[in-house]
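The analysis underlying the following values was restricted to heavy atoms, covering all of them including side chains, and did not include hydrogens, waters or symmetry mates. Throughout, a chain's letter reflects where its sequence line sits, starting with A, and its residues are numbered from 1.
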Number of protein chains: 2
Amino acid sequence: MLSHKAKYALKALLYLAEQDENHISRTIEIADGANIPKKFLEQILLDLKRGRFVSSKQGKFGGYYLIKSKNDITLAEIHRLFDGAIALLPCASLNFYEPCSDCKTESECSLRHGLLLIRDKTLKAMEGITIASLVKK
Amino acid sequence: MLSHKAKYALKALLYLAEQDENHISRTIEIADGANIPKKFLEQILLDLKRGRFVSSKQGKFGGYYLIKSKNDITLAEIHRLFDGAIALLPCASLNFYEPCSDCKTESECSLRHGLLLIRDKTLKAMEGITIASLVKK
DNA sequence: CTTAACCCTATCGATTTAATAGAATTTGTA
DNA sequence: TACAAATTCTATTAAATCGATAGGGTTAAG
């Protein structure tokens, strides 16, 4: 399941993607538009900025805007940024790999092979969902 | 990601599936064989029993055994039993559906459509992984 | 220099998670 | 019948995580 943070991030990106080119959106504007607690959204937008999805203008009349094409922002990326691995166990993860602590004898645990299959299919599906694909509906 | 409970459940089922027909496995035997904390495993086996995946024999020489074919126990079922919904949000879930609390205007949130696509593919993949498919490797 | 905005860090309360504890119950058998 | 060996059940705990809030600090326009 997605965390609220990830869900809010997607909604915020969706909001930004729906604005006119060159429009700058204030946090409060996004919060109201997407129904997200403002102070919570602040943190999320900062995370999105650190992740190079958005950029900001500080000071009066400042705000946030997309710096990555809505066609290139995928659900997979947002999941990884806020909720971490897409795989079901760390030993089956590409970006968050860790060996199992409780698989004593073999280096590959008995579940790993099956979980790799799941991860591949889920990942492919999640890479197919972009902000743009969510906007046009 | 899978919880430890779900992971341990899968390993325990795998252990049971590898035993001879009619063999009854004691908890301690499974715990040692699959490297799972024994008292924690007790709870998990009870959950698996309530979920009709295994049954037990009480008293001396008692233990656990599969009552469902290893070909019919899927990763999807175990995920649902221990970790709940497979979908990324409750509003996209088949078995754990709940409407979004923060989607004010429309009955369907902006993310739901995309998440339904993900859920369908992930679910199909998870239904394809059975205990039997994990054993033979 | 005031105002309006982003930026940053800390904290909080509630929930969940992983695990442990301890006792009650059941069953086989010497 | 008493003991031993096993499941069953409920409670508790310690730690981590999550969702959210608080309260400033910093930046820039006018």
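With sequence neighbours excluded, the residues forming a side-chain contact (heavy atoms from CB on, under 4.5 Å) with B:Lys121 are A:Ala125, listed by chain and number. By the side-chain contact (heavy atoms from CB on, under 4.5 Å) test, B:Lys124 pairs with no residue at all, sequence neighbours left out.
The phosphate of D:dC18 has neither OP1 nor OP2 within less than 4.0 Å of any side-chain N or O from A:His4. In this structure, A:Ser56 reaches the C:dC7 phosphate: one of its side-chain N or O atoms is under 4.0 Å from OP1 or OP2. Contact between the side-chain N/O atoms of B:Tyr8 and the OP1/OP2 oxygens of C:dA19 is found at a separation under 4.0 Å. Close to D:dT8, at under 4.0 Å from its OP1 or OP2, lies a side-chain N or O of B:Lys49.
Across every non-hydrogen atom of A:Leu41 and A:Thr27, the tightest pair is CD2-O, 3.6 Å.
Put simply, NZ on B:Lys7 is 15 Å from P on C:dT17, counting in whole angstrom units. In this structure, NZ of A:Lys38 is placed 17 Å from C1' of D:dG19, rounded to the nearest angstrom. Atom CG of A:Leu45 is separated from atom P of C:dC7 by 9 Å (rounded to the nearest Å). The CZ-P distance, from B:Phe40 to D:dT13, rounds to 18 Å in whole Å. When rounded to the nearest whole Å, the span between CG of B:Asp47 and C1' of D:dT7 equals 14 Å. A:Leu2 has its CG atom 15 Å from the C1' atom of D:dG19, to the nearest Å.
Of the charged side-chain nitrogens involved, none lies within less than 4.0 Å of a carboxylate oxygen, so that A:Glu18 and A:Lys70 do not count as a salt-bridged pair.
Counted by atom type alone, A:Ser3 and A:Asp83 present one or more donor-acceptor pairs between their side chains at under 3.5 Å. Under the 3.5 Å distance criterion, with hydrogens and angles disregarded, a donor-acceptor pair is assigned to the side chains of A:Thr122 and B:Thr122. A:His23 and A:Glu29 share a donor-acceptor pair across their side chains, judged by distance under 3.5 Å alone.
Within the structure, every pair that satisfies the ring pair (Phe, Tyr, Trp, His ring centres under 6.0 Å) test and touches residues 25-54 of chain A, not counting sequence neighbours, is listed here: A:Tyr8-A:Phe40. Under the ring pair (Phe, Tyr, Trp, His ring centres under 6.0 Å) criterion, no residue pair touches residues 59-86 of chain A, with sequence neighbours excluded.
Nearer the 5' end of DNA chain C, as judged by each residue's closest nucleotide, is the contact made by B:Phe82, out of B:Phe82 and B:Pro37. Mapped onto DNA chain C by nearest heavy atom, B:Asp83 and B:Leu41 fall at different nucleotides, with B:Asp83 at the one closer to the 5' end.
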Item to check | B/S/- contact track for nucleotides 1-6 of chain D, protein heavy atom under 4.0 Å | outcome: ----BS
Quick one: which protein N/O atoms are closer than 3.5 Å to N/O atoms of nucleotides 8-16 of chain C? Pair and distance per line, please.
unit_1, atom_1, unit_2, atom_2, d
C:dC8, N4, A:Glu42, OE1, 3.3

